[in-house]
Amino acid sequence: MNFLYPGFLFALLSVAIPVIIHLFNFRRFKKIYFSNVQLLKEVEQQHSSREKLKNLLILLTRIVAIIFLVLAFAQPYIPLSEQKNVSLNNVVSVFIDNSYSMETINQDGSLLDEAKKRAQEVVKGFGVNDRFQLLTNDFEGKHQRLLNKEAFIKALEGVKISAASRTLQQIINRQGTLLSGSSNKYSFIISDFQNNMASARKLDTKNDTQYALLKLNATTLPNIGVDSVWNLSPNHQPGGSEKLVVQLRNYSIEPANNIPIKLTINNQQKALSSANISGGKTFNDTLSFSGLVPGWQKGIVSIKDFPITFDDTLSFAFKVDQNLPVLSINGAASGNYVKALFAADPYYQLTENPESSINYNGFAGYKLIILNGLKNPSTGLAQQLATYLKSGGSVVIFPDLDADIVNYNAFLSSLSLPSIQSLVTNETRVDQIDLQNPIFKTVFEEVPKNIDLPVAKRFFAFAENNAANKESILTFPGRKLFLAKFGIGEGAAYLCAIGLNDSDGNLPRHPVFVPVMYRMALNTGYDPALYYHVGVDNALHSSKIAVGKNQTLRLKAPGFDAIPEIRQAGGKTFIYISDQVKQAGFYQLSQADSILAVYAFNAGRSESDLHYLSKPALGKLANQSNFKVFDTEKDPVKLISGNDRIGQTLWKLCLILSLIFIAAEILLIKFFNHPRKTI
């Protein structure tokens, strides 16, 4: 049996107190002379031998009660080595938290330095034949092997701060993959235990493994971080105006004032601002900038906030295209409205194909395909458009109202679009416009009270079934379709009830036609993520990349070069990087000498909240006898390692026995050898 707090054993000297009281409380019988015995109304008769026995028993109960009370504070326990099979070797997994929060400085230096010191103390308590696993947040392959004591201590020197972070359950699961077999298994987790490490669920642990959580005590520091950014511009054009929303978060309860914000694009300063943030709140600021050139843009939003700096910058990347390719497939009576519209802006590169001669192979190179007054759309065209839509393309359909309805319905059905019921020849005005639709967002500075909407002289009435993938943009009275968007695969199909002829209506001459067409073109195609998080996002997205049989893609950065795994699905290319990316920064995806994409990686923001789990809160995560939590400032690490690993604790038993002997003392005083009274 050992003691967790042996220093309390000095309190056993207090047993001298009841002994001293007993020695000075002897009563000697004396003769007392009275002048008149009538004054003695009552005399208590006692036997001196019984009185001495009573006093000795009371003394004994007091001494034993004090002894067990002191032992309860010293917390005796049966070492685990007395319970484990001593013939088996020990396998010990030691996790060291090397996340950004471990950069915090305390009286012994950084928390990471203290964690390394504690890890050394743990392994030194084990035997020479025992084996150890060193595990960090990086979850590297080299951590999945066992080391001897000397190799483990040497490997500790290479542990550095990492952008990755893990939950407690992830750590325990990772340790469990190595802690197997018939050996005695021990898991040590050394961390500051931020709130983000725990979840609402109880931890899933193994009964044959002894778990010890060593809590390092860190100071809660104020911190401001760049939480996220997003673009308000649906499309990026050379020289165009851009708007970027920056969100800052104050993780402390105190307000932060005059926090400077700076935006740089390709190492050029583009915007400056400042922020005042209330305690525990977020703050959004919109930064405007322009002057971008075609190509990939590397942006950085930065603030100045000390002493926590790892979340003071956020990198992002996006591409500015030289032009936007549009294909118009025209029927015989399609008119020139589409050509006149897109020819007015050099950013749009318009290609026209007649209905009788369509180049299907080039569909993937266009952001928008317009079907303008097709008389007889073929099944081959429908099949190619279905593939194009599934891969993320956009199609706009302006039908020829004089076409055969049966043939057109077969074409629409193959694209999962509503079928035509009839041709309506009554002149009808559009009565509703969805100004919250992305097509019209930011188009109107002020919504007019009596807005003028298009008029249809004749139009197709469709059989609508309230499809879940439908978004109404312009509608006739009774919510009948005039112009609507239908989500198909990764793409979108825009269906209009009229064609672009003056005989059908005034849509091509109406002021709403220009923003509708431009916005449908600008809202097309694949919109890549602005940034990813290190250790969290292991799959990157891209528009479809054609990779030859003997070709490979490479992900590169200064001091980094890797060949990722490539998968094609749904018209997209997925780039799987596993855990290869360890540092924040910009990474280029290249094929031969061509740069296909630029990806920005940032440290996760889970480490920004510097609030920590308490020792009782950690203890509630797994209410099991093999799950222990220790405060490194109060609990000696050597007592939970080697031959002194804690098994069964006995302090509760000592406390109960102390209370029992106190109760026995009370009963002895009250009932033992009760004196008889005489007159």
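When reading the values below, keep in mind they use all heavy atoms of this one structure, side chains included, and skip hydrogens, waters and symmetry mates.
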*With ring-ring contact (aromatic ring centres under 6.0 Å, His included) as the test, would you mind laying out the steps for Y599 and Y531 before giving the verdict?*
CA-CA 6 Å; Y599 298 101; Y531 56 89; over 10 Å; no
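No donor-acceptor pair under 3.5 Å is formed between the side chain of S288 and the backbone N or O of K243. Side-chain N or O atoms of D321 include none that pairs as donor or acceptor with a backbone N or O of L324 at under 3.5 Å. Side-chain N or O atoms of D537 include none that pairs as donor or acceptor with a backbone N or O of A539 at under 3.5 Å. At least one donor-acceptor pair under 3.5 Å links the side chain of Q194 to the backbone N or O of D609. A side-chain donor-acceptor contact under 3.5 Å links K270 to the backbone of S290. For the pair T387 (side chain) and Q383 (backbone), a donor-acceptor distance under 3.5 Å is present.
The salt bridge (Lys or Arg N to Asp or Glu O under 4.0 Å) contacts involving residues 559-569 comprise R554-D561, E565-R567, where partners must be two or more places apart or lie in separate chains.
Aromatic ring pairs are classed by plane angle as parallel below 30°, tilted from 30° to 60° and perpendicular above 60°; the pair F318 and F289 is tilted.
Looking at K304 and D312, no side-chain N of the basic residue comes within less than 4.0 Å of a carboxylate O on the acidic one, giving no salt bridge. E150 and K154 are not joined by a salt bridge, as no carboxylate oxygen comes within less than 4.0 angstrom of a charged side-chain nitrogen.
Applying the side chain to side chain donor-acceptor pair (under 3.5 Å) criterion to N195, with sequence neighbours excluded, gives no partner residue. Listed by chain and residue number, nothing satisfies the ring-ring contact (aromatic ring centres under 6.0 Å, His included) test with F486 (two or more places apart in sequence, or in another chain).
For Y587 and F560, the ring centers sit closer than 6.0 Å to each other. Residues F601 and H533 place their aromatic rings such that the two centres sit no closer than 6.0 Å.
The environment of K262 atom NZ is sparse: at most 12 non-hydrogen atoms of other residues, nucleotides or ligands sit within 6.0 angstrom.
With no hydrogens or angles considered, a side-chain donor-acceptor pair links S165 and S606 at under 3.5 Å.
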